[in-house]
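Before any comments, here is the structure.
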Amino acid sequence: LQKLIHLLQATHDPLIQEQALITLSNSAAFSVNQDIIRKLGGISVIGGMLSDCIPKVKEKALNALNNLSMNIKNQEEIQVYITQVCRNVESAPLNSHLQLAGLRLLTNMSVTSDYHHKMINSIPCFLHLLSEGTERTQIQVLKVLVNLSANQAMTRHILRAQV
């Protein structure tokens, strides 16, 4: 895992980055590895890939962060990327794998109300995706909106959103 994280830091080759991110994502499916990746500084390295201009690299980084987000301590580190993830969801092509990967991560990050406030500005986007997206996109957006709606403080933001 340490070598994969170092490889991500050292290379600018998108194909190598993709493969390293896929491997880290698969490894992060196991809870013991989630802690190891965090302790090795992997979350910030993977999070840094979200600013990459290549959509496939961003998508694989989102998938890795999604698997890492199953852990409360990891969520504390991942939450700094929520605004950027929301921007990626908004700017990604409609119904793309990139958009779905971002929505999956936001679903996990919105299970508790700790980070809902970071998603307020994206509510109009979520509602737009709900009306314009394919069934897969709609289902993923609904998961985020259901999580947000469980927080009473979010009710007025959802009901007042301009669509």
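Here, residue 1 is the first one in the sequence, and each next residue gets the next number. Computed from a prediction, not measured in an experiment: that's the story for all the values here.
Judged purely by atom type and a 3.5 angstrom limit, Gln138 uses its side chain to pair as donor or acceptor with the backbone of Leu130. In this structure, the side chain of Asp52 does not engage the main chain of Lys58 through any donor-acceptor pair within 3.5 Å. In this structure a side-chain-to-backbone donor-acceptor pair under 3.5 Å is present from Gln75 to Asn108. A donor-acceptor contact shorter than 3.5 Å links the side chain of Gln17 to the backbone of Thr11. Here the side chain of Thr23 pairs a donor or acceptor atom with the backbone of Gln19 at under 3.5 angstrom. With hydrogens and angles ignored, the 3.5 Å screen pairs no side-chain donor or acceptor of Ser113 with any backbone N or O of His116. The backbone N or O of Thr134 lies less than 3.5 Å from a partner atom in the side chain of Asn95, making a donor-acceptor pair.
Residue-environment remark: NE2 (His157) exceeds the threshold of 12 foreign heavy atoms within 6.0 Å. Counting heavy-atom neighbours within 6.0 Å of Asn121 CG, excluding the residue itself, gives a total of 12 or less.
Residue Thr107 comes nearest to Ser110 through the heavy atom pair O-OG, 3.1 Å, listed as atom of the first residue, atom of the second, then distance. Among all heavy-atom pairs drawn from Leu127 and Ala161, the shortest one is CD1-CB, 3.7 Å. For the residue pair Ile46 and Ala61, the shortest heavy atom distance occurs at CG2-O, 3.5 Å. Across all non-hydrogen atoms, the minimal contact from Gly41 to Ser44 is O-OG, 3.1 Å. Ile78 and Leu65 get closest at one heavy-atom pair: CD1-O, 3.5 Å. Minimum interatomic distance between Ala28 and Gln34 (heavy atoms only, all atoms of both residues): O-NE2, 2.9 Å.
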query = Does the pair Gln84 and Ser51 meet the rule for a side chain to side chain donor-acceptor pair (under 3.5 Å), with working shown?
reply = CA-CA 8 Å; Gln84 189 172 7; Ser51 59; 4.5 Å; no
inquiry  = For a side-chain contact (heavy atoms from CB on, under 4.5 Å) check, start with the C-alpha distance between Arg38 and Asn71, then their side-chain angles and the critical distance, and finish with the verdict.
reply    = CA-CA 10 Å; Arg38 181 187 68 252; Asn71 171 314; 3.6 Å; yes
inquiry  = Between Arg87 and Glu90, is the salt bridge (Lys or Arg N to Asp or Glu O under 4.0 Å) condition met? List the steps.
reply    = CA-CA 5 Å; Arg87 282 195 308 264; Glu90 291 175 29; over 6 Å; no
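With values rounded to the nearest 0.5 angstrom, Leu148 atom CG is found 8.5 Å from Leu106 atom CG. Separation of atoms CG (Leu62) and CG (Leu105) is listed at 6.0 Å; rounding is to 0.5 Å. To the nearest 0.5 Å, atom CG of residue Leu145 and atom CD of residue Gln140 are 11.0 Å apart. Annotation: the span from Leu103 atom CG to Cys125 atom SG amounts to 7.5 Å, rounded to 0.5 Å. Distance CD1/Ile54 to CG/Leu15: 8.5 Å, rounded to 0.5 Å. Here CD1 of Ile123 is found 12.5 Å from CD of Gln162. Values are rounded to the nearest 0.5 Å.
Under a hydrophobic-cluster definition in which Ile, Leu, Val, Met, Phe, Trp and Tyr are linked whenever side-chain heavy atoms come within less than 4.5 Å, directly or via other members, Leu100 and Phe126 are assigned to different clusters. Linking Ile, Leu, Val, Met, Phe, Trp and Tyr residues whenever their side-chain heavy atoms come within less than 4.5 Å leaves Leu7 and Ile36 in two separate clusters. The cluster map of Ile, Leu, Val, Met, Phe, Trp and Tyr, joined by side-chain heavy atoms under 4.5 Å apart, puts Val80 and Leu68 in the same cluster. Clustering ILVMFWY residues whenever any of their side-chain heavy atoms sit less than 4.5 angstrom apart, transitively, puts Leu40 in the very cluster that holds Ile37. In the hydrophobic clustering of this structure, Leu142 groups with Met154; members are Ile, Leu, Val, Met, Phe, Trp, Tyr whose side-chain heavy atoms approach within less than 4.5 Å, directly or through other members.
Side chains of Val89 and Ser122 form no contact here, defined as non-hydrogen atoms less than 4.5 Å apart. Contact check for Met119 versus Cys86: side-chain heavy atoms found under the 4.5 Å cut-off.
For the side-chain hydrogen bond (donor to acceptor under 3.5 Å, both in side chains) with Arg104, the lone residue among Asn67, Asn66, Asn63 that qualifies is Asn63.
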